[in-house]
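By convention in this document, chain letters (A, B, ...) are assigned in the order of the sequence lines, proteins followed by strands, and residues within each chain are numbered from 1. Below, all heavy atoms of this structure are taken into account, side chains as well, without hydrogens, waters or symmetry copies. Because the structure is a prediction, the values reported are computed rather than measured.
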Protein chains: 2
Amino acid sequence: MGTMKTKYHHGDLEEALLAAGIREARSTGTRNLGVNSLAKEVNVSAMAVYRHFSSGEVLRASISQQAREELARRMIKAIAAEKDVKNRFRATGRTYIQFALKEPGLFAVAFVACDEGPKREDNPSAWMVFQDSILDLCNAGLIEPAEVEDVAAFAWAAVHGYAILAGGSDPKRPKSNEKTISQLLDRVWAGIINGRELNK
Amino acid sequence: MGTMKTKYHHGDLEEALLAAGIREARSTGTRNLGVNSLAKEVNVSAMAVYRHFSSGEVLRASISQQAREELARRMIKAIAAEKDVKNRFRATGRTYIQFALKEPGLFAVAFVACDEGPKREDNPSAWMVFQDSILDLCNAGLIEPAEVEDVAAFAWAAVHGYAILAGGSDPKRPKSNEKTISQLLDRVWAGIINGRELNK
DNA sequence: CATTAATGTTTATACTGTCAACATGGGAAC
DNA sequence: GTTCCCATGTTGACAGTATAAACATTAATG
C-alpha cells in the first residue's frame, strides 16, 4: 500500500509481476516480458519469480490472460451502454477493434500464441461476450438458434482479423478511421443477417 | 550442384538457411528458428549466418516472407482453376484458410509480428491476390470501384481472422470442417454484396 | 600466379532461463 | 514470549542464445 521499504519479503510479488508485465506490455508489447527484465522491474532477483510462476512461459501466459480479460471488461462496459440489440452487437465489435488500435501492445500480448499451462478460462472472456451478443440476436429473432455458433465464429473472425490487420505495421494495412470501421461492422452485420439465405 | 562434400565454402548458404527455416517452420512453427539452431541444421558455424543476414531477426523475417509467398502462390494456383468471379473469390478465401489449417507452422511463421528490416514487398503477395479478386468483382459490376478498398479489407480480415482462430489451439476455436468454411465464405460474400446497401 | 574479396571458423562477451543451495523472517505451536 | 518451520526471498552455477572481433580458407580476378 504505502511506500514499501526494501524488505526481504515483497508483500505481493505475484500481483506486482503481473502489474509490471501489463505496464510493459502496454508500452512495448511482447518484447520485454522476460523473467529477468520483469524481476528487475520489481526490484527482485530473477529466481524469486519462480516461487510464483513455474516458468517464464507461464508468467507470460498469465500476463496474456490479464490483457484478454481487460479487453473483455471494456467490451462488457461498452455493451452496457447500449439498449438496441444491433447497437449492442456493434459496440462489441467496435470496442474490440478500438482496443487493438489504442492499446496495440496489450492487444499483441493478449493474442500471442501461448500453448502451455493449465489453461484456466478467461474471466471475463471476450469470446463469451461475443457469443452473448449473438445470442441476443437469436433471442430477438434475427437469426436461428442453429446458426448461433457459426454466426459467432464469423463475427469474431471478421472483427479479430480486422483488428490484427489494421493494428499491425504493414504499410498495406487497411485504413482505420471511424467511417471505415463503421462500414466494416455494416458488412459483418450483412453477413450475419443475409448469410444463410444466400447459402442456396 | 551435385552432392556437396564438406567443403569450407558451402555453396549457397543463404538458400540453405531459408530452406532449413521453412522446413523447421513446417514442423515446429516459430519455436526453432534461432541462429544457432538453424546454423547447426545446415552444418555451419553460427557466425556464418551473419555473412548472409545481418541479424537473427532479419533471417526470421526472410523465412516469414518465404512462407507468405508460398501461401500467395497456392492462392494464385487455386484461382487459376476457377472461371466464375464468385468462385474465384471463394477459392481465394478457401485456399487461405486451408493453408492455415494444413500448414499451421508455416502460417504461424508467415504472420508473426516482424517489424524490422527494409520490408521488401512480398512477391507474390497474398494481399495483392485478395485485392485482385475483389477487382474482378468490380469489373463484373458486382461492386462499385469506390468500394474496392473497403471490401478487400473486409474480406481479408474475415478470412485471416477465421484462419487464425480456427487454426489456433484454443479449445473454444471455431469448427473447421468443409461445411463451416463454406458457410463462412457465404457470409463474407453476403457482406461484400449487401454491405453498402445496409449502410443507410 | 598472386592478390583480394567473399565466405567460413574460432574465441569471447553479454544476456537469458532455470536448477541447487542457502538466507531471512513472519506466523504457528508451545 | 520464545522457538521452530516453511513460504519466500537470495546467490551462484550452467546451458543456451545473439553477436562482435579476429583469424582462416578458398574462389575469383587482374
Between D/dA18, D/dT10, D/dA21, which nucleotide has the shortest distance from any of its atoms to the side chain of A/M47? D/dT10

Using the test side chain to side chain contact (heavy atoms under 4.5 Å, CB included), find all partners of A/T180 that sit at least two apart in sequence or belong to another chain. A/Y162, A/K175, A/N177, B/D150

In terms of the angle between their ring planes, are B/Y96 and B/F130 parallel, tilted or perpendicular, with boundaries placed at 30° and 60°? perpendicular

Scan residues 35-46 of chain B for pairs that pass side chain to side chain donor-acceptor pair (under 3.5 Å), counting only residues two or more places apart or in two chains. B/R23-B/E41

Check the distance between D/dA18's C1' and B/F53's CZ and give it to me in whole angstrom. 16 Å

Could you state the CG-P distance from A/N32 to C/dG17, rounded to the nearest angstrom? 11 Å

Within residues 33-43 of chain A, those residues having any heavy atom closer than 4.0 Å to DNA chain C are A/G34, A/V35, A/N36

Does any pair with a residue in residues 63-91 of chain A pass ring pair (Phe, Tyr, Trp, His ring centres under 6.0 Å), and if so which ones, sequence neighbours excluded? A/F89-A/W189

By side chain to side chain contact (heavy atoms under 4.5 Å, CB included), A/V35 pairs with (sequence neighbours left out) A/A46, A/V49, A/Y50

Hey, does A/M128 have a side-chain heavy atom less than 4.5 Å from the side chain of A/Q131? yes

Side chain of A/Y50, heavy atoms from C-beta onward: which of D/dG9, C/dG17, D/dT19 has the nearest atom to it? C/dG17

From the candidates D/dG9, C/dC19, D/dT19, the one with an atom nearest any side-chain atom of A/A48 is D/dG9

side-chain hydrogen bond (donor to acceptor under 3.5 Å, both in side chains) with B/Q98: which residues, sequence neighbours excluded? B/E178

B/E57 has an atom CD; how far is it from atom C1' of D/dT17, in whole Å? 13 Å

Pairing residues for A/R26 by the salt bridge (charged side-chain N to carboxylate O under 4.0 Å, His left out) criterion, not counting sequence neighbours: A/E103

Verify the contact: side-chain N or O of B/H52 to OP1 or OP2 of C/dA6, cut-off strictly under 4.0 Å; return yes or no. no

For A/R51 and C/dT18, give me the distance from atom CZ to atom P, rounded to whole Å. 15 Å

Heavy-atom contacts under 4.0 Å between residues 18-26 of chain B and DNA chain D, which residues? none

Can you name the ring pair (Phe, Tyr, Trp, His ring centres under 6.0 Å) partners of B/F111, sequence neighbours left out? B/F107, B/H160

